[in-house]
Each structure stands twice: as C-alpha cells, then as structure tokens.
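The model shown is predicted, which means the values in this text are computed figures rather than measured ones. Throughout, a chain's letter reflects where its sequence line sits, starting with A, and its residues are numbered from 1.
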Amino acid sequence: MSDSPENKPVTPSSPASAPASAPGPGTAATSAVEPPSRWRTTFNEIIGGSVMISILAVVLAIVAGGILIALTDENVQKASVYFFARPGDTFAEIWKSVSGAYVALFQGSVYNFKRPDFLDQIKPLTETLTFATPLIAAGLGVGLAFRVGMFNIGGRGQMLIAAACAGWVGFTLHLPWGLHLVVAILAGVIGGGIWGGIAGLLKARTGAHEVIVTIMLNYVAFYLVSYLLRTPVLQAPGSNNPKSPPIDPTAVLPDLLGPKFNLHLGFILVIAATVFVWWLLNRSALGFKFRAVGINPNAARVAGIDVKNMYVYAMLISGGLVGLAGVFQVLGTVTTGFSSGIDAGIGFDAITVALLGRSKPWGIFIAGILFGAFKAGGFAMQASQGIPIDIVTVVQSLIVLFIAAPPLIRTVFRLPDPSKPKKPKAPKPAPVTREAVAAK
Amino acid sequence: MSDRLPENVTTSNLAPTGGLPPTEHNNPDSTPALATVLVKSWKAPIAFGIFALGAIILFVVFGRDGESTFKLSTDVDLIQLPVVVLPTRTTGIVISIVLVLLAGLSVWLVATGRKVRIWLMAVFAVLFLVAFLTWASAGQTIPVPGLLVGAVSLSVPLIFGALGGVISERVGVVNVAIEGQLLAGAFVSAVIASVTNNLFAGVVGAIIAGALVSFVLAAFSIKYLVDQVIVGVVLNVLVTGLTSFLYSQVLTADPDLLNSPPRFDRFPIPLLSEIPIIGPTLFRQTIIVYLMYIAVAVVFFGLFKTRWGLRVRAVGEHPQAADTVGIKVNPTRFWNVMLAGAITGLGGAYFTLGSVGAFNKEMTAGAGYIALAAVIFGRWDPIRATLAALLFGFATNLQYVLGVIGSPVPSEFLLMLPYLITIFAVAGLVGRVRGPAAAGRPYVSR
Amino acid sequence: MKLELRGITKRFGALTANDHIDLTVEPGEIHCLLGENGAGKSTLMNVLYGLYQADEGEIVLDDVVQHFAGPGDAMNAGIGMVHQHFMLIPVFTVAENVMLGHEQTGFAGFLDLSAARRRVREISDQFGFDVDPDALVDDLPVGVQQRVEIIKALSRDAKVLVFDEPTAVLTPQETDELMAIMRQLKEAGTSIVFITHKLREVREVADRITVIRLGKVVGEASPTATNAELASLMVGRAVELTVHKDPAKPGAPALVVSNLSVIDARGQVVVNDVSFDVKAGEILAIAGVQGNGQTELTEALMGLQERVTGEVTLDGKSLSGLSVRKVLDSGVGFVPEDRKEDGLVGEFTIAENLMLDRSNGAPFVKGGGLQLAYLSTFAEEKSKEFDVRSQGIGTEVGRLSGGNQQKVVLARELSRGLRLFVAAQPTRGIDVGSIEFVHKRIVATRDEGIPVVVVSTELDEVVALADRIAVMYRGGIVGIVPGTTPRDILGLMMAGEIPAGVEPLDPEGAAA
C-alpha cells in the first residue's frame, strides 16, 4: 500500500497516486521504496502498531465499561445526590462498584484467591478456557473467511445446524466409545460446512453477497432447528418442550482435568484447529490461493486461480470451523439436551474475536481466550455483584470498534502516528479515491 | 446507441473497399457501435413453473375438502361486505389450472423474445396467495381485515427501517446497523415517554437515538474508513448489549417510572376509514403509521425529483464525479446517514409507543435485518422497499392468523419465508439486483 | 480569461510531483501541456481544479489570486475540466449529469429538468453536437460521453477549459473532430489547456507548448518544432523510438485463431468473428484505439471471457473452452494490461508474486504445501535476471515503481517454458528505462522462436516491435499488414478504413 502516512487507504492502483510510480528523480534505482528493517517493523508493531493499539483498545473499552457500571450503580447514584456536600462518598462508591465488578470478573475468569485449595483457586482459569474453546473455533472460521475477502456473519446458523447434526448423532446413533464421538464431531463439522458452503456457492454462482445470505441463513437455520425440535427428529420423547434428549455418554467430549472441571477435550481440538488454520493459510498452496483471492481476486483469476471455487472452499472450511464451535456447545458445554438457543450468541462474538485477532490464527486464539475470560468472569460478576452479563457484550463490541479505528485510539492516548500504520486484515473494499479510475 | 457521430457515414462508405468481406459494422446506414445479442432470461418462467408445480401438489394432490370462508368486513364497518365462501378443493384446482396457463404464457413470452412484465408476476403471486389461503383455511374463517391490519402494523418498523436503509445506501454507506437504530429508538422512546409522560417527547427521543447510532456508523465509516459492514454489525451488538444492560440494571429497578410509557391511540381518519377493506387496513391506525405514509412519499419524491435526491444518488453512484462538480461527498454522506438513522429511530418508537407499550430486551428481534432485506429486495427504491416490507409483515402476520385457526403449515416455515425470499432475491432468481455503485466504499480525498 | 500558475509545488510524501511550475495561458489560446506518463501533468491540473491543494504557489485568473478549497470554487471561478476518465454518473441521464451540482430548482427543491434539457440542447446546437438530453449516459458511446463532459463544463460558463488526455479513447477521426471543437471554442474566446503525450496532436492544434518532465517545466516549444525535438524535450535525452531487432525468422503458424467472437455481459458482440495466426518466432502486434475489443480478445485467448465462440489452437492443440489454469499450463504467458489490477497482488511480496500463477504444483508446491526455500532461491535469481530493483524479495510489490512491477510480471511469465507469449499494453505507464528493458525482453522471447502477441494502443510501440500488425476496430480485425506499414495508413485503419492500394498480408486470415 501507499506509504504516505495520512492516506493509507489510497489504492496503489490509482493512476495518479502516479507520483508514487513515476520514475524517481535521477536514476530508476532510487524509485524503489525502502522497506523498513525487520527490527524496525517489529518495533513499530509493538509501539505504534497493531499490538499496542489492541492493548489500548482493550484498556479503553474496560474503562468505558467501568464508567457505565459506575453510572448505573444505585449506591453511586445515591451518593451523588449529595455530591457537593461530600464528594468523597461518591468517589468511594464509584471505586467500590467498579473495583467490585472487575475484581469479580478477575476472580471468575483467572484466579480466585478466596477459595481454599489451589485446584479451586485456578478453576476460574479452566472456566475461561472452556468458554474460549467454541469462541476460538468460530473465530477461526470467521477469520479464515475474512482472509479470503468474505464476511461470514452466518455463525449462528452454522452453529445451530452443526449442533443439530452432532446432537442427532450423539443421541440417536449408539456407537461404540471413541467412534461415536468422532462421528458426532464429523457430522457437526460437515453440517456447519454445508450451511456455510451454501453462502459460498451462491456467491460463486450468482454473485449473491455473502453478508446478506449468511444473515438470512441464520434465521432459516433458527426456524428450521426450532421446527425440528418440535418433531420427533430432535425432540426428547415424551417431552413437550422444544428440547432434545441428552447426549449419549459415548459422544460427550471427555473432561481434560477430571470431573471437577468443565474443561473438555474440545480445548485440545481447538489448539489443533489453530495449528491447522495457521498451516493452511501460511504454508499450504490452498491458503496461498485463499490469500491471493482475498487481496486481489482479479489478479488471482488471471493467474489461473479458480476464484469461485476458492469462495466455495473457504466458506465450506469456515462453516466447518464455526460448526466445530456448535459441536463443542452440544457435546461439551450443554450435554443434557439442547434447545434453539444453543449457539449462545457465539456466532456474533466470533466476529469480534476474529477482528480483535486480526484474522491471524494465533491472534484469534489469544482474542478467544480474552473473550472467554470476559464470559466466565461476566457470569461470576452477575452472580456476585448483580451486574448484568450484558456489560461484557458492550465491552467486547467497544474493543472491536476501537481496534478498527487506530486513529481514534492514537488521538485518545496521544500516540505518534507510526510511519507505517498496520491495517487489520479484515477485508476492506477498495476505497474510491479521487484518483481511482472509474473505468473498469 | 443510435446517435453516433456524423463521421461514421464516411467510415462506412469506405470500409467495404480493399477486398475485405463486409462485417456487421459496415452497414451503409449510420450504425450503432456494436451488434448486440438478445439475452433471454428464463428466470421468470422457471419460477412460474416451480410455483405452478407446487400449486398442483399442494392444492390438488394434497387438496383439502370443505369450505373456506373469507370475512371481508369487521363488525364495526359502516359498509358491510358479504362473506365470501369458497369450496376449498374446487378453488384450488381452478387456480392451479390458471397458474399453469400463466406459466405457459411466460414460457411463450420469453421464447418469442419478450419480457415477462411485472404485472403478470403480481397477478401470478396474488392468485397463488388466494389459493394458499383457501387451502389453509378449509373449514375455517379468515378475517381478511384483521390479517391486513396486522400485516401493516408489523410492517411499520420494517418500513421506517427500510427507508433509512435506502437513504443510507443510496448515499453510499451500507447500513447494517438498522437493527441497532431501531432498538435504540425503542429504548430511548420508552424511557423518555415514560418519564415525561409525553408521547411527542418520546418520539423525538427515538429520532435522536437513531441518529446517534448513525453518528457512530458515519464517524467510523467515513472518518476512520472502517469497513461499513463491520461497523454495522458491531454497532448492532453494542446497542443490544447496552440496552439489555440498562434494561436489567436500571429499568427493572423502577419500571413504573422508567418503562411504562403511554401508547399512541388509533386515530381513524373520517370517511377514508370507512372504505371497505382498505379503510380498516390503512386508515384506522396510529399517528406513527400516518407519519410513515408521509415519510414514504417524501423519501420517494425527494430521492427522484429534488436536488437533494439527485445529489444523494450521485454521491452513492460515483462520488468522484460528484466531487468534481463541487458536491462535498463526505459531508453529504455524513448528514444523510444521520437522517437515515433518525428515520429508522422513529420506526423504533413504534415498538414501544405504538404496539407493545414497554421496552423489552432485544425486542426488535431481527426486524432490522428484515428491513435490510426489504431494501435489497426492493432494489434500493423507497416504494418497492416499502412493498417488500409489507410483504414480510404480511408473511409474519399470516403465520399468527393461521396459528389461531389451526394451520396445516408449521409456523416456522412461514416465519422463514421472508428470509428465504431474500436469499432468492439476492441470488438473482427474481431479477438482476444492482445497488448503488459506490455503496460500501469509503471516499478519500486529499 | 487569462490563467496563470505561479510556482505551483505539490508533494506526496517524499515525492515532489510538481516542482515550482509556472504556466500562463492567454485568453483564446490553446496551450498544450506535454509530458511523459507520470511527469506530473494530471497532478498539476488537479491542483488547478481544486482537487488537490498546492503546497506552494498560486493560481491567478485575470490577475486575481484564487484560493480553491474544492472543485466547486474552481468551477465558480470559470474553470472547467474534461476528465480523462469521464466524471459522469452512468445511471443518470445527460440532462441530470449536466445539471448536477448547479441544479435549477422550483418549489421545495424540486428539480427543473426541462430547464436542464433546454440548456443541453442550446449548447449542443451551438457546437453541432447530436446529444439527446434524456439518454442514459451508460448507453452512450464514449465519443458522445466526452461531448457530454464538454457540455457539462460549458453549461457552467467555463472560460478556461482543461482537456486531460482527451484523445486516449477516440479514433483518429473522432480526434480530428475534437480538434475542430477545440478550435471552435477558442474562436469563442475560451482558453484551453490541452494535456497530452501525443506529439502529432500537439503540433496540430497548439498555439503554445509547455513541456514538463519529472514535475518540472523543462521548456517551451512552438508548434513548428519537430517530433524528435519535442520527444527529446519530453524524455530528457535523445529518444530511440525504434527497437533494435533482427529480421524475424518466422516458422510454422503456432497460434491459430479462427472465427473468434466474444459477447459481453450486456449482450454486445465485443469481438466479432476474428481470425488470424501467429507464427513461431514472430511478433504480431494488435493495434487499435482503446476499447475496440483488444482487451476482450486477449482475455478470450486466456480463457478469461465467459461467452466465446470460435476456435483457438496452439501448436495444433485446442485452447477453446479451457480454464485459465489449463491455458497457462499449455504454455501461454500473459502480461495483462492493468498490472496492478490483474497482474499482481499488491500486498504480496515479490517472491509470492513470482509464484502467483504456479501455485498448483511442482516446483513451488509439493503435497499441498508451499516450498518456501525453493521459492526464495528462485525469487533471488529472477530478481537479478530481470533487474527488479528493490530492497529484497520480501518487499511488497505494491511498494515498487511501475517499471519494477512490470519486470516482476515479466520475470514470472517468461520463466515458465512458454509456447506463446501474450503481452497487453506491456509498457503502459512505466518509465523510459523500463520500457527499453521490456521491449528487449519481448524481442528476445521472439528470437527464442516463441510466437508473441503484443497488444498496444501506442502506435510507436506497435511500429517498433511488430513483424506484422493486425488493426482492430469495433471488435473486428480491419486488416493484417506488414510491420513496415506507414503510420498514416495504420491511423486510417484504426478508424475502420482500408486505404486504397493497401493489400492486407493474408486476406484469408483477416477474413471475417
């Protein structure tokens, strides 16, 4: 991209950013722009670039969440009535409410020092990893689609279909231990993949925009699964509730740390999935094609890459990964039978996870764990402090908004503009610039 | 194509010399640039065929016996229309035959190089619908006015949302945040109307709330160049979280003060409200609905007949061209996105002040996404988008009505319908869908 | 109106696009601004039009210093512009396009379309244009669209009219017409700035000529200067317009195209029943004005077009209906005309771009995985061989100059064991040094006995490279003539005419 600092979105293809491609003064040798050294790139990344921006975005969002908690706290409100008489009371109450909330969040997500023995003390951490497991899987799916230039908002639908498939195998087929689990997981991944693949196929064949199609498929999946939950296909026998029977023990993801903890085999699988996606994107031929299509589909097509097929494959894999999250929900988290709310909003959270992780596999892994911590801690906070878990949603979406707009963060924290601002890897439509040619 | 430059006359006179066999552009007359090949679109006949086949299967093969009763008037109407009673199976068979004939007609039209006109599609759709209602209500009574009134009511927020979507996308900013704007409007209007006990204040609050959500959308997408779809989706999540948090944390603490707004009463318009069927449907509604009629008309005429509309469309189609004639692209986008949010926010007020009477968590329940679908299905045209929103509202209400009389179709499938229709629409099965050319692309000037 | 630019300087980052440029245009004068691609002509005009703000210098109209914050100010001051890429909204009618930005309105902001129509007709009549005010711009041929642009400027009473490379999309005849219009405008007292890099046009119409190079004014010339004088002024040294090459030793026909037609998405026959062949070891140049089907023809050869009829064979094997992948695998090398859009992935490194169209198997891919070690060896070697000047193979291609980018494309395509080489606009928008390099490599490829197709809208390039020349006009091939054919005849052919006495080389090949 163009290296002029204030105009980073200018397309390099614009003819009259032409000065950039004009023969440099003197010999042509000087016309190549010097890339920064490796050390400098890393330094920029940390100080002015993406890593620092991400951290500051999280900080800013947590501060904003704190303000919200303080403003809505009853004791703070009461104290603020006589603020001018005794301002200290107000500040004390603000401190109490905000610190109480975040301490509860920390205790619920990382380490609870109030518990007696060590195992109990670190249980929150395992809860965090448990919540993170489906978030990472779905985040990998959404992030992969981003890298191919597509926006998969269909996480909810893909998870629901995957959960229904995996669940159905889980309580209908009675297979031996081991095989049952494998078949159930595969069924879910394939179900999610197909549901995602529909959007990819429609985009490839008819040009239908995947954003619209995936949103619509969310609702179709929801009503489809709701309907099936009222029929003997998914409904528990003898029940009137739209809920499925419990999963056979042979199809449940085994606990990693014994029955005392909820952390299940899914966490190992999701590490494997992260490694797989990393390899796929950075070391495989398919990933090379994916990335080429994601950045410049025209050049990819001219280079003999079947762009349409890449869209289909990418959405199949993306849907499969998101489907894996649905599988974790139904075979790991809620094994006593599921309803049409089994997706638990993870499909949408996954978008924020992918954006926070900048669509890079390990970035998503870390972002998933962070948001898993928010979730685990959020429930603890709700239980002990009476603060609705929805605050977590607010903080998460603020993080993503802040991350998406580095200039905003820089303004808030008065950071210098690094010479080479790093862009998020999310697909950005080529901006229309004054110079960009309309003639296509 | 036909008006070419005068020099072509000379060109074509000279061209056939030099031993070249004549090619198509050497015609002696003055000559369009290139020959064109007629592109036949078989989409309409295929769709007609599928639906005609469906009609035969559903209404003939699985035909139901009995009589279907349609009540066309409510008890309070001045002019009472007679009750229509149709024999279920016979009606189904007759209409199915007509549908098959229409499908045949469409095949003939396309085969002879003509187009299937929109009115033919409308006739086909209405006939199919009548047949479906007849089939579904065998041995039962369908209150037609009730069905339609409910459809309009359910459509109101969708239409406001769709208008907001149309304006925003026409000016070049994809508006996925309709859901958030509606929800913000619903929340703020409930709280303000409740505290002030003033409906007008509530409506103003809703407008401001919608505009505020739009402000974030505009600021992030225009100033910070963040992908518009991403901002939209995240904004929806943010508003959902924020309103749910405030609802649980604040509103539930004192619902009498904060969440019990007054409601708009129905206000029948004299004379108009007594027209059979149309009167009860359109003219016995609340002020918000009448505002909606005005909004649709204003947006339509505004977009296509005024300077404002010309500039909005120019900015959304080709921002550079607009810039070069002195139109300030980004301010135009900014203020119109704000306007779109304000209109959508007004629609949000309908949830709390027009129908439910209190705010609930996530009460918009995806209406914003349906409104977005209506924008696309309506091809970015305010009137068509309104019709699409009405269609979606109708499908939803049909599910309620059929639920009451005991539907032979699972309600989930009717609820699915708007979404399926939209998928078909964007997949181009209904017709080529083309949005504003520059929608979704930020404009960077130096 | 008298226009003066005084000491205009515009910088983009470290690059100075305009360096203290002075320019004076007298009332009723046609002033040509001549310069190479990227010399800074368009930047200067965008400053004049208020699209860019100058870092230094001032714009003076009739001795009044102007401050343009945007195009609106420039227009109000009487400056009009006919843009190289038309600034028209395709879905609007002519009248709507003309009125946009200074709409006449009636009650409540309602548009007065009939006034706009009247204005269009008035101006059309005055200059003898035949433009229907209610036609959709999208439906109009480019020549007419350009007239709409002129009407747009005139309807705002422009006193200074800037034409930015207006002839790039016109046939020679349309160009002549445009010249006539410019003279007519000049008679009416309008000052005209005419930006171009084509010498013939300059000499024909200009009253005065200013030449800029690398962002600086390098001299003024009179219209009586010779082509060679103007060219050397423009490039900064004596320019060798010819390429040194030995006579071709053509072998048997390798690429045979017969009755090829392409229909675009709108149902237009953009390539109409084209037949030709290219022999091993010769360069066939396809000449023609931009937009006469050359783009679609090359895309059809590559398998990039959807609706193609006719037959294409390479060394006896059919290429028709093959996917792009299969065409590439058949040994066809391709340099697309828009390298940034179609030839390269800007955010990929040089190395990654060098394997862009070889990601389907050995040697770059084994067992589904990338062979990164092999790739870097390969990239180092090719960078050296093709003189790609960069800080290393890990540099993002988007950060290279146009010439170096084109070398990357060439390096990729020419290292694949070719049986056919297709280069579309191979030197568009690159510096002179790179042009020479590219031309040398193309001739070298021919000399290896590979059939070469070069598509170019620049007659100079066509004449310099071609062994034979096929001229395209409105989708068809007007004729195939020897590489030695004089330019004036080629120019006539580009307008669809076969001048008397010209024998096409192989009438059966040019058959339609």
Taking every non-hydrogen atom, the tightest pair across A:A57 and A:I403: CB-CG1, 3.4 Å

B:N330 (side chain) donor-acceptor with B:Y443 (main chain) under 3.5 angstrom: yes

Test item: B:S214 side-chain N/O and B:V337 main-chain N/O as donor-acceptor pair under 3.5 Å: yes

Plane angle bin for B:F187 and B:F359 - parallel if under 30°, tilted between 30 and 60°, otherwise perpendicular: perpendicular

Interface moiety of B:L372 toward chain A, non-hydrogen atoms closer than 4.5 Å: side chain

Contact origin within A:R230 toward chain B - heavy atom pairs under 4.5 Å: side chain

Per-residue contact mode, A:V211 against chain B (heavy atom under 4.5 angstrom): side chain

Segment of B:V229 engaging chain A (4.5 angstrom heavy-atom cut-off): both

Toward chain B, the part of A:L71 with a non-hydrogen atom under 4.5 Å: neither

Polar side-chain atom of A:T231 near backbone of A:L228 as donor-acceptor pair, under 3.5 Å: yes

Contact class of B:K223 relative to chain A, heavy atoms under 4.5 angstrom: neither

Interface moiety of A:I389 toward chain B, non-hydrogen atoms closer than 4.5 Å: neither

Side chain B:E412, main chain A:Y223, donor-acceptor under 3.5 Å: no

Residue B:A253 versus chain A: region with a heavy atom under 4.5 Å: side chain

B:K361, NZ atom: more than 12 neighbouring heavy atoms under 6.0 Å: yes

A:Y227 and B:F413 aromatic ring geometry - parallel, tilted or perpendicular at 30°/60° bounds: perpendicular

Contact leader toward chain B among A:I153, A:L68, A:I351, A:L398, where contacts are heavy-atom pairs under 4.5 Å: A:L68

Part of B:L246 within contact of chain A (heavy atom distance under 4.5 Å): side chain

A:L202 portion near chain B, given a 4.5 angstrom heavy-atom threshold: side chain

Contacting moiety of B:V237, where chain A heavy atoms sit under 4.5 Å: both

Atom group of A:E74 that falls short of 4.5 Å from chain B, counting heavy atoms: side chain

Option among A:V394, A:I391, A:T393 that satisfies the side-chain contact (heavy atoms from CB on, under 4.5 Å) test with B:L242: A:V394

Winner by heavy-atom pair count (cut-off under 4.5 Å) against chain A, out of B:A321, B:P410, B:A373: B:P410

Proximity breakdown for B:V329 and chain A, heavy-atom pairs closer than 4.5 Å: neither

Part of A:L401 lying under 4.5 Å from any heavy atom of chain B: both

A:Q77 backbone acceptor or donor facing A:S80 side chain under 3.5 Å: yes

Part of B:F220 lying under 4.5 Å from any heavy atom of chain A: side chain

Flag, side chain of B:Q399 to backbone of B:L415, donor-acceptor distance under 3.5 Å: no

